[in-house]
Amino acid sequence: MPVRVGVIGAGWIGHEHIRRLTHTVTGARITAVTDIDAARADEAAAPVGARVYANGAELIAADDVDAVLVTSWGPTHAEHVLTAIAAGKPVFCEKPLATTAEDCLKIIEAETAGGRRLVQVGFMRRYDAGYRQMKQVIDSGRIGAPLIVHCAHRNPTVPESYTSSMAALDTAVHEVDVLRWLLDDEIVSTQVVTPRPTSKRFAHLKDPQIMLFETAKGVRIDLEVFVNCQYGYDIQCEAVGEEGLVRLPDPATVGVRTAAQHSTEVLTDWAGRFRDAFDTEFREWIAGIAAGDEPTGPSAWDGYAATVITSATVEALESGRVVATDLKPRPTLYGGTA
């Protein structure tokens, strides 16, 4: 029997995941959809023969829903995740897990009380082939102990609605998660410096930004966030160790030689860059549910850590200070000792 999935939130990413779970990932079937916009829910549900529910609570309680996918507006995530935990159903929540640390901790407390992981957070970079190869190299010890990590996250442009705080909350949040995972280390402080701003930005936006993180083991990370770089969507990561370095590969593209030039394509959006990672992420999530296993992907603790660290980074941007992250002790359910 396929895993019957109910989707809360039928916007662009919800539509994309419905397509993915219907046509790319085997072993899943979309049986239920809800959205604050009823017409949008109908539009998403009709092609896959799913039922439309009035709200998230009704969808989660439905007998034909085995697992829940939350792709709604960020401030609603905590409510839906908590309801799914109470119902004992696995729930995949696109980032953020919640928009405040307090709500993240409520989710952690609810899941911990049940003694079993049900929550997975949608940080897809852990499923990217290049990042997984980097993880293998670092864990093997081939480059020695990591000392420094250099990163860049560049977008061609952003809309006028994009704010300076979104550089941390919506953009750098992916580096925050994947770097914690790559290094198996926690970020303990954050700082932001702002170089000369690009003339291509809207006047209200601080762009680019350079974020400086320090981990518990003393690794120093510099992350360039440049969301109006013009030339494409470009993700870079290089970890420098005591005995070598490992660099994230660029996406494989053909090289073209013509008119005395050698060129390769640069992608223009995140959906194209991480399409395969999204597919792998959902294949593994569905396979785990079908087998009766707890999720092994980014946990509620990882969602909490990302929210705390990115919120501290916004504070660092606004204050000009180095800001400590002050994470709570990690519970044993998530590999901690608390």
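The residues of the chain are indexed from 1 along the displayed sequence.
- Under 3.5 Å, the side chains of Tyr162 and Thr171 contain a donor-acceptor pair of N or O atoms.
- Without hydrogens or angle criteria, Glu284 side chain to Gly297 main chain gives no donor-acceptor distance under 3.5 Å.
- Between Phe92 and Phe282, the ring centre distance stays below 6.0 Å.
- Residue-environment remark: CD1 (Ile36) stays at or below the threshold of 12 foreign heavy atoms within 6.0 Å.
- Atom CG of Leu182 sits about 10.5 Å away from atom CD of Glu175, to the nearest 0.5 Å.
- Note: Thr296 OG1 to Arg126 CZ = 10.0 Å, rounded to the nearest 0.5 Å.
- Neither side chain, His150 nor Gln236, offers a donor N or O lying under 3.5 Å from an acceptor on the other.
- Ion pair Glu281/Lys95 not flagged as a salt bridge, since none of the NZ, NE, NH1 or NH2 atoms sits closer than 4.0 Å to an Asp/Glu carboxylate oxygen.
- For the side-chain hydrogen bond (donor to acceptor under 3.5 Å, both in side chains) criterion with Arg4, the lone passing option out of Asp66, Asp63, Thr31 is Asp66.
- For the atom pair CD (Gln133) and CG (Asp128), the distance works out to 8.5 Å, reported to the nearest 0.5 Å.
- For the atom pair Asp64 CG and Arg51 CZ, the distance stands at 4.5 Å (nearest 0.5 Å).
- The only member of Asp207, Asn155, Thr198 that meets side-chain hydrogen bond (donor to acceptor under 3.5 Å, both in side chains) when paired with Asn228 is Asp207.
- Arg330 has a carboxylate O that lies under 4.0 Å from a charged side-chain N of Glu186, or vice versa, which qualifies the two as a salt bridge.
- A donor-acceptor distance shorter than 3.5 angstrom exists from the side chain of Thr325 to the backbone of Ile187, with no hydrogens or angles considered.
- Summarising the local packing, CG of Asp184 is surrounded by 12 or fewer heavy atoms from other residues, nucleotides or ligands at distances under 6.0 Å.
- Under the 3.5 Å distance criterion, with hydrogens and angles disregarded, no donor-acceptor pair is assigned to the side chains of Arg283 and Tyr127.
- Remark: Arg116 CZ is packed, more than 12 non-hydrogen atoms of other residues, nucleotides or ligands lying under 6.0 Å away.
- When every heavy atom of Leu223 is checked against every heavy atom of Ala172, the shortest pair comes out as CD2-CB, 3.6 Å.
- Here the CD-OG distance, from Glu214 to Ser189, works out to 4.5 Å after rounding to the nearest 0.5 Å.
- Aromatic ring pairs are classed by plane angle as parallel below 30°, tilted from 30° to 60° and perpendicular above 60°; the pair Tyr233 and Phe274 is perpendicular.
- Of all the heavy atoms in Pro146 and Val219, the pair that sits closest is O-CG2, 3.4 Å.
- In this structure, Trp270 has its ring center under 6.0 Å from that of Trp12.
- Heavy atoms from other residues, nucleotides or ligands lying under 6.0 Å from NZ of Lys89 number more than 12.
- Counted by atom type alone, His17 and Glu94 present one or more donor-acceptor pairs between their side chains at under 3.5 Å.
- Partners of Asp103 according to the salt bridge (Lys or Arg N to Asp or Glu O under 4.0 Å) rule, which considers only residues two or more places apart in sequence or in another chain, are Lys106.
- Between the Thr71 side chain and the Gly9 main chain, a donor and an acceptor come within less than 3.5 Å of each other.
- Of all non-hydrogen atoms in Thr307 and Ser311, the two that sit nearest each other are O-OG, 2.8 Å.
- By the neighbour-count criterion of 12 heavy atoms within 6.0 Å, atom CZ of Arg29 is sparsely surrounded, having that number or fewer from other residues, nucleotides or ligands.
- Heavy-atom contacts from other residues, nucleotides or ligands closer than 6.0 Å to NZ of Lys217 number more than 12.
- Between atom CZ of residue Arg275 and atom CG of residue Leu267 there is a gap of 9.0 Å, rounded to the nearest 0.5 Å.
- Using modelled atom types, one finds no donor on one side chain facing an acceptor on the other under 3.5 Å when comparing Gln136 with Tyr131.
- With hydrogens and angles disregarded, a donor-acceptor distance shorter than 3.5 Å links the side chain of Asp302 to the backbone of Ser299.
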